[in-house]
Amino acid sequence: MAIPPKQLNTDYPVIDTDPHFWRVLRYARPSDYAVAAGTAAAGPAVFWLWERNSPAILPKGAFAQSMRAAGAIGLTAGFLRFYLQSSLRFWGWTENQREIDMDMKEMVHKVKRKEPLYGESVLTPYMQGVAARNSRYSQIFFHVMPWFNLVNHNQHGVDTAKYFLAAEDELERERVLKEGR
């Protein structure tokens, strides 16, 4: 038995309460990349400024190692911030009209090709539910432990009937256009 996700009151329509990892990356906006780059660059930049203003007495080569560590931390933080920015739009927490249009187009295309909306899964329905419950809204806790949805399941907190209705309408329009020729 699937436990439905808690329905939150959001300012924008909810697209998916537990989007798959690759879907979040595909739907990212150029502004997400800019925020990620800025966040990634901030770590080494701040470390360099600290070292410049208050130098540490370190052995030779320690500064380079420290800069590499700061770079790795910055890249990780940049990626997590990038992923969170995109996830917020799936949840309807920030403006998401572009993603709504992309989602409708993608899902209607899948319906028309008779593919499962959220992909095939090798897990049992019970394990799919466990995976969904563990990863839903997990991006909120990235500061504690990064956790992503890497499982295909059908528990995404949205009514999928809208995709089938839109696909039906599209197919009907295509049929009418063919008959009119």
Side-chain angles (χ1 to χ4, degrees), residues 1-36 78-181:
M1 179 169 129
I3 297 174
K6 180 179 172 83
Q7 295 297 317
L8 303 176
N9 294 326
T10 61
D11 292 336
Y12 304 97
V14 175
I15 300 169
D16 195 337
T17 60
D18 189 26
H20 193 277
F21 178 82
W22 296 114
R23 194 166 185 226
V24 173
L25 297 184
R26 276 195 333 265
Y27 280 49
R29 294 180 179 185
S31 62
D32 298 337
Y33 288 98
V35 167
F79 174 75
L80 294 177
R81 182 120 187 250
F82 161 86
Y83 195 88
L84 177 62
Q85 291 285 116
S86 186
S87 295
L88 292 175
R89 289 189 289 275
F90 276 98
W91 302 335
W93 294 9
T94 58
E95 186 279 319
N96 61 357
Q97 188 57 52
R98 173 185 169 268
E99 288 73 18
I100 290 170
D101 296 340
M102 289 174 68
D103 173 65
M104 186 59 75
K105 184 177 177 183
E106 176 185 1
M107 294 303 186
V108 166
H109 187 65
K110 285 184 175 187
V111 168
K112 287 166 67 175
R113 291 187 316 197
K114 296 182 176 22
E115 294 177 357
L117 291 179
Y118 297 105
E120 298 278 341
S121 182
V122 297
L123 298 178
T124 65
Y126 173 75
M127 289 309 297
Q128 290 177 37
V130 169
R133 289 187 295 276
N134 283 330
S135 62
R136 187 175 293 123
Y137 297 119
S138 63
Q139 296 85 331
I140 295 169
F141 298 104
F142 269 167
H143 63 287
V144 177
M145 183 169 73
W147 193 282
F148 307 97
N149 174 22
L150 300 172
V151 174
N152 291 324
H153 58 77
N154 62 359
Q155 299 179 27
H156 293 269
V158 293
D159 183 12
T160 57
K162 63 185 175 185
Y163 304 127
F164 292 93
L165 292 172
E168 227 175 78
D169 290 347
E170 247 183 61
L171 290 169
E172 182 63 24
R173 274 194 305 274
E174 289 170 7
R175 186 188 62 75
V176 167
L177 283 173
K178 282 181 184 177
E179 288 176 359
R181 287 186 179 171

query = Distance from Q139 atom CD to F90 atom CZ, nearest 0.5 Å?
reply = 10.0 Å
message = Tell me whether the rings of W93 and Y137 are parallel (<30°), tilted (30 to 60°) or perpendicular (>60°).
response = parallel
ask   = What pairs meet the salt bridge (Lys or Arg N to Asp or Glu O under 4.0 Å) rule with one or both residues in residues 153-170, with sequence neighbours excluded?
value = K112-E170
Partners meeting side-chain hydrogen bond (donor to acceptor under 3.5 Å, both in side chains) with D101 (sequence neighbours left out) = Q97
query = Pairs in or reaching into residues 110-134: which pass ring pair (Phe, Tyr, Trp, His ring centres under 6.0 Å), with residues at least two apart or in two chains?
reply = Y118-H156
inquiry  = Using only atom types and a distance under 3.5 Å, with no angle test, would you say the side chain of S135 pairs donor to acceptor with the backbone of S138?
reply    = no
request  = Can you sort out the partners of Y33 under side-chain contact (heavy atoms from CB on, under 4.5 Å), two or more places apart, ordered by chain and number?
outcome  = A28, F82
Non-neighbouring partners of R113 that pass salt bridge (Lys or Arg N to Asp or Glu O under 4.0 Å), sequence neighbours left out = E115
ask   = If you round to the nearest 0.5 Å, how far is CH2 of W22 from CG of N152?
value = 12.5 Å
All side-chain hydrogen bond (donor to acceptor under 3.5 Å, both in side chains) counterparts of D32, not counting sequence neighbours = R89
query = With sequence neighbours left out, what residues match Y163 under side-chain hydrogen bond (donor to acceptor under 3.5 Å, both in side chains)?
reply = D103
query = What residues form a side-chain contact (heavy atoms from CB on, under 4.5 Å) with P116, not counting sequence neighbours?
reply = E120
task = Only counting residues at least two apart or in another chain, list the ones meeting side-chain hydrogen bond (donor to acceptor under 3.5 Å, both in side chains) with R98.
result = none
task = Could you list all the salt bridge (Lys or Arg N to Asp or Glu O under 4.0 Å) pairs where at least one residue sits in residues 11-20, not counting sequence neighbours?
result = D16-R23
inquiry  = The test is side chain to side chain contact (heavy atoms under 4.5 Å, CB included); show your working for L80 and L84 and say whether it passes.
reply    = CA-CA 6 Å; L80 294 177; L84 177 62; over 6 Å; no
inquiry  = Do H153 and H20 have side chains that approach each other closer than 4.5 Å (heavy atoms only, starting at C-beta)?
reply    = no
inquiry  = Applying side-chain contact (heavy atoms from CB on, under 4.5 Å), can you list everything that pairs with Y12, at least two apart in sequence or on another chain?
reply    = E95, N96
message = For V14, give me all partners under side-chain contact (heavy atoms from CB on, under 4.5 Å), at least two apart in sequence or on another chain.
response = T10, T17, V158
